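Right, one structure below, let's go through it.
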Amino acid sequence: MSSETAQVSSLPLPPMQYINFYTDDNVRRNRAPLPPRPIHDTYSMFGNTFNADDTIIRSLESQGFRRLYPLHFDRRRELKKLNHSLLANFLDLLDLLVHCPDSPKRAEKVEDLSLLFIHIHHLLNEFRPHQARETLRVMMELQKRQRVETAMRFQKHLDKVQDILQNALQSLPDQNESDSKFLVPTEILDHMDNNSNDNTCVDSCYELDRLMCNVVDNMR
């Protein structure tokens, strides 16, 4: 025999080890395990055998239990009645254990209590579809509220940005006014040309300084 023995487990592989089988390389080479086939007949779960065609919540008669309430009933009322019956039978069992511990009625009371618990559990399971619908409704309402709040915050930021842009556009000077402020009078240019021809010794920067001063004064 080999020193390394293969370990076989009746339970499925851990999730991470199972995920590692589905790498990109294994999928590309068709080495990834195939998904389990759908069950069409019977299967075992928690030690009990179930049929694939059975309803999610089976009736009490199909499970071999006697029904204690009618087919058409108020679940809230029946749960209260079962709870009261459970307390009454438990007190009867305590009375038997105190006065007659060897009485055969003790086993009957235990069976009655077990049947009451099964009925209560069955009625509570019948609320599971309603609970699932309500849970889904609450989740959808929460998602809707979060999306509406996100849209409202986005709209507020959008309005704020639009206001900032509008104020910036309004604060810009008029195009005609800005152009007129930077226009240089032709008289000054003609005067500069005449002075340059007549008095070449005069500093030419003087006329330029005066021109820039005029431009600054017009901008104020």
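From a predicted model like this one, the values you see are computed outputs, not experimental measurements.
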What is the distance from atom [atom1] of [X] to atom [atom2] of [Y], rounded to the nearest 0.5 Å?
| X | Y | atom1 | atom2 | answer |
| --- | --- | --- | --- | --- |
| H119 | L82 | NE2 | CG | 7.0 Å |
| D159 | I164 | CG | CD1 | 11.0 Å |
| T135 | Q131 | OG1 | CD | 5.0 Å |
| L136 | M140 | CG | CE | 6.0 Å |
| Q162 | Q155 | CD | CD | 7.5 Å |

* To do: In sequence, state the C-alpha distance, the side-chain angles, and the governing distance for R77 and K80, and then conclude on side-chain contact (heavy atoms from CB on, under 4.5 Å).
  => CA-CA 5 Å; R77 181 181 178 184; K80 290 182 178 179; 5.8 Å; no

* Is a side-chain donor or acceptor of R106 paired with a backbone partner of L97 at a separation under 3.5 angstrom? -> no

* State whether the side chain of N89 and the backbone N or O of K109 hold a donor-acceptor pair below 3.5 Å, judged by distance alone. => no

* So which of N83, L87, L68 actually passes side-chain contact (heavy atoms from CB on, under 4.5 Å) with L116? -> L68

Is it the case that more than 12 heavy atoms not belonging to [X] sit under 6.0 Å from its [atom1] atom?
| X | atom1 | value |
| --- | --- | --- |
| R137 | CZ | yes |
| F73 | CZ | yes |
| D24 | CG | no |

Using a 4.5 Å cut-off on heavy atoms from C-beta on, say whether the side chain of [Y] contacts that of [X].
| X | Y | answer |
| --- | --- | --- |
| D92 | L96 | no |
| R128 | N125 | yes |
| L124 | I120 | yes |
| K144 | R147 | no |

* **Verdict with supporting geometry, L91 and D95, side-chain contact (heavy atoms from CB on, under 4.5 Å)** => CA-CA 6 Å; L91 292 177; D95 186 68; over 6 Å; no

* To do: Carefully, step by step, assess S114 and I118 under the rule side-chain contact (heavy atoms from CB on, under 4.5 Å).
  => CA-CA 6 Å; S114 177; I118 290 174; 4.1 Å; yes

* To do: Decide whether L113 and L123 are clustered together by the hydrophobic rule: side chain heavy atoms of Ile, Leu, Val, Met, Phe, Trp, Tyr closer than 4.5 Å, transitively.
  => yes

* Structure fact -> Contacts satisfying side-chain hydrogen bond (donor to acceptor under 3.5 Å, both in side chains) that involve residues 66-76 (not counting sequence neighbours) are E61-R67, R75-E126

* Do E78 and K81 pass the side-chain contact (heavy atoms from CB on, under 4.5 Å) test, and can you show the C-alpha distance, the side-chain angles, and the key distance before you say yes or no? -> CA-CA 5 Å; E78 292 298 329; K81 290 170 60 177; 3.7 Å; yes

* Structure fact -> So ring-ring contact (aromatic ring centres under 6.0 Å, His included) across residues 80-111, not counting sequence neighbours, yields none

What donor-acceptor contacts under 3.5 angstrom involve side-chain atoms of residues 28-41, with partners at least two apart or in another chain?
residue: R28; atom: NH2; partner: D25; partner atom: OD1; Å: 3.1
residue: R29; atom: NE; partner: D25; partner atom: OD1; Å: 3.2

* Structure fact -> Minimal heavy-atom distance between T23 and N20, with the atoms involved, is CG2-O, 3.1 Å

